[in-house]
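Single-structure report; data block below.
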Number of protein chains: 2
Amino acid sequence: MGLTKTDIFDSRQNKLAGIFKVLGHPARIAILEYISKQNACICSDIVEEVGLAQPTISQHLKELKRIGLIEGEIEGNKVCYCIAQDRWKEIQSYLNTFFNETGTHCC
Amino acid sequence: MGLTKTDIFDSRQNKLAGIFKVLGHPARIAILEYISKQNACICSDIVEEVGLAQPTISQHLKELKRIGLIEGEIEGNKVCYCIAQDRWKEIQSYLNTFFNETGTHCC
DNA sequence: AATGTTTATCGTAATATTGCGATATACAAA
DNA sequence: TTTGTATATCGCAATATTACGATAAACATT
């Protein structure tokens with residue numbers, strides 16, 4: 001087959017996996033780290049920095065926006081991306097809840 | 001194309017993304033949660049519980065083992081899986097370091 | 001207005017992942 | 001030894017993801 005059977009898992013499991021999945025690509029890690037490294041929003045010299053073509057970066061940015069990790073503010077013909085701190089912390093805490101509730105039992 | 005250009009990212013970014021990626025599938029979340037829900041190691045009625053075919057579960061277990069999140073102990077003709085608590089905590093802390101170091105700057 | 005710049009989207013090629021039937025392997029039980 | 005049970009691996013089909021050229025859209029600059 002090849003299609004993830006999302007219907008047999010509950011929505012919480014799908015949501016959690018969905019967040020992990022977005023973070024599960026080195027380009028998206030690199031983009032997040034680059035945005036963070038700058039003390040202000042950086043409009044897209046991300047393309048230059050990361051080393052992937054502009055459409056590819058745009059696609060990765062879209063994924064990151066989709067789960068709310070970053071926000072883009074339009075400034076003229078440029079877009080200024082920044083990390084959405086509230087959502088960032090929310091996701092961190094959400095993942096920690098998973099780790100704390102799941103990693104406790106063993107033989 | 002379709003191939004992730006791992007060579008243009010540093011090994012830390014690839015490693016981090018690799019961990020996120022393994023956690024980025026609802027079946028693997030479900031497996032981890034099921035193993036955890038039992039107060040002891042669970043030999044594999046995972047197949048029955050999760051609702052995917054045995055080869056599929058076996059493949060997911062292999063991925064989880066690969067990054068060290070679970071360990072399987074052979075007991076006769078069964079294998080007993082449990083969460084590797086040290087590695088579990090190590091990964092949690094590793095991901096938290098990423099979140100703490102990256103999510104700080106904005107416009 | 002014409003041209004350049006920046007970003008998003010479309011379409012497509014290529015690789016990756018998912019899922020499972022068939023099978024192999026290893027041990028258990030009879 | 002034969003049969004059953006549990007798990008891993010192989011091979012394949014199908015979907016998903018990644019990457020990017022071409023192009024569109026929106027604004028800036030001249």
Side-chain angles (χ1 to χ4, degrees), chain A residues 1-9 13-14 17-32 34-35 38 41-67 70-82, chain B residues 1-9 13-14 17-32 34-35 38 41-67 70-82:
Chain A
M1 306 268 171
L3 114 158
T4 298
K5 292 188 160 178
T6 53
D7 51 304
I8 70 173
F9 307 107
Q13 289 169 331
N14 281 312
I19 290 170
F20 278 125
K21 195 173 189 175
V22 170
L23 292 167
H25 193 289
R28 293 192 286 266
I29 296 292
I31 289 169
L32 290 170
Y34 182 63
I35 291 176
Q38 313 301 114
C41 278
I42 202 65
C43 308
S44 285
D45 19 27
I46 300 177
V47 172
E48 219 176 290
E49 173 73 13
V50 175
L52 290 170
Q54 180 270 322
T56 308
I57 296 292
S58 191
Q59 202 169 272
H60 285 306
L61 288 169
K62 195 177 175 184
E63 281 297 286
L64 292 167
K65 263 188 291 182
R66 193 173 55 78
I67 64 165
I70 61 173
E71 281 165 8
E73 197 181 335
I74 297 170
E75 287 185 2
N77 66 341
K78 303 186 179 185
V79 180
C80 193
Y81 285 102
C82 65
Chain B
M1 306 266 167
L3 116 157
T4 298
K5 292 187 159 178
T6 52
D7 51 304
I8 69 172
F9 308 105
Q13 289 168 331
N14 281 312
I19 290 170
F20 278 125
K21 194 173 189 176
V22 170
L23 292 167
H25 194 289
R28 293 191 285 266
I29 297 292
I31 288 169
L32 290 170
Y34 182 63
I35 292 175
Q38 315 300 116
C41 274
I42 203 62
C43 309
S44 287
D45 21 27
I46 300 177
V47 172
E48 222 177 287
E49 174 72 12
V50 175
L52 290 170
Q54 181 271 322
T56 308
I57 295 292
S58 190
Q59 203 168 274
H60 285 306
L61 287 169
K62 194 177 176 184
E63 281 298 284
L64 292 167
K65 263 186 292 183
R66 193 172 55 78
I67 64 166
I70 62 173
E71 280 164 8
E73 196 182 334
I74 298 170
E75 287 185 2
N77 65 341
K78 303 188 178 184
V79 180
C80 194
Y81 285 102
C82 65

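Letters A, B, ... mirror the listed sequences (proteins, then strands); counts begin at 1. Quick caveat, the model's predicted, so the values are computed rather than measured.
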**Message:** Reading DNA chain D from 5' onward, which residue's closest nucleotide shows up sooner: A:Gly51 or A:Lys21?
**Reply:** A:Lys21

**Message:** Just the rounded figure in Å: distance from P of D:dA8 to CG of B:Leu64.
**Reply:** 12 Å

**Request:** Answer yes or no: does a side-chain N or O of A:Tyr81 lie under 4.0 Å from OP1 or OP2 of C:dT6?
**Result:** no

**Message:** Is there a side-chain contact between B:Thr56 and the phosphate of C:dC20, meaning an N or O under 4.0 Å from OP1 or OP2?
**Reply:** yes

**Complete:** Closest of C:dG19, C:dC20, D:dT18 to the B:His25 side chain is C:dG19

**Request:** Using whole Å, report how far CD1 of B:Ile74 lies from C1' of D:dT5.
**Result:** 15 Å

**Request:** Using heavy atoms to find the nearest nucleotide of DNA chain C for A:Thr6 and A:Asn77 separately, return the residue whose nucleotide is more 5′.
**Result:** A:Asn77

**Prompt:** Heavy-atom count around B:Lys65 NZ within 6.0 Å, excluding the residue itself: above 12?
**Reply:** yes

**Message:** Just checking A:Ile74: does its CD1 atom have more than 12 heavy atoms from other residues, nucleotides or ligands closer to it than 6.0 angstrom?
**Reply:** no

**Asked** Would you say A:Lys5 reaches D:dT15's phosphate, i.e. side-chain N/O to OP1/OP2 under 4.0 Å?
**Response** no

**Request:** Report which part of the nucleic acid A:Leu52 touches: base, sugar-phosphate, or nothing (heavy-atom distance under 4.0 Å, all strands).
**Result:** sugar-phosphate

**Asked** A:Val50 and B:Phe9: which non-hydrogen atoms are nearest, and at how many Å?
**Response** CG1-CE2, 3.7 Å

**Whole-Å gap separating P (C:dA16) and NZ (B:Lys62)** = 16 Å

**Request:** Decide side-chain contact (heavy atoms from CB on, under 4.5 Å) for B:Leu52 and B:His60; before the verdict, give the C-alpha distance in whole Å, the side-chain angles of both, and the deciding distance to 0.1 Å.
**Result:** CA-CA 10 Å; B:Leu52 290 170; B:His60 285 306; 4.3 Å; yes

**Request:** Please state how far atom CD in B:Gln59 lies from atom P in C:dA16, giving the value in whole angstrom units.
**Result:** 15 Å

**Toward the 5' end of DNA chain C, by each residue's nearest nucleotide, A:Val79 or B:His60** = A:Val79

**Asked** Would a distance-only check, ignoring hydrogens and angles, find a side-chain to backbone donor-acceptor pair under 3.5 Å from A:Arg28 to A:Val22?
**Response** yes

**Fill in**
Quick note, B:Gln54 side chain, CB onward, closest among D:dA8, C:dG19, D:dA19 is D:dA8

**Value in whole Å for how far the C1' atom of D:dT7 lies from CD1 of B:Ile31** = 13 Å

**Complete:** Rounded to whole Å, CD of A:Glu63 lies from P of D:dT17 at a distance of 8 Å

**Complete:** In whole angstroms, the gap separating P of D:dC20 from CD1 of A:Ile57 amounts to 9 Å

**Asked** Roughly, in whole Å, what's the span from NZ in B:Lys78 to P in C:dA28?
**Response** 11 Å

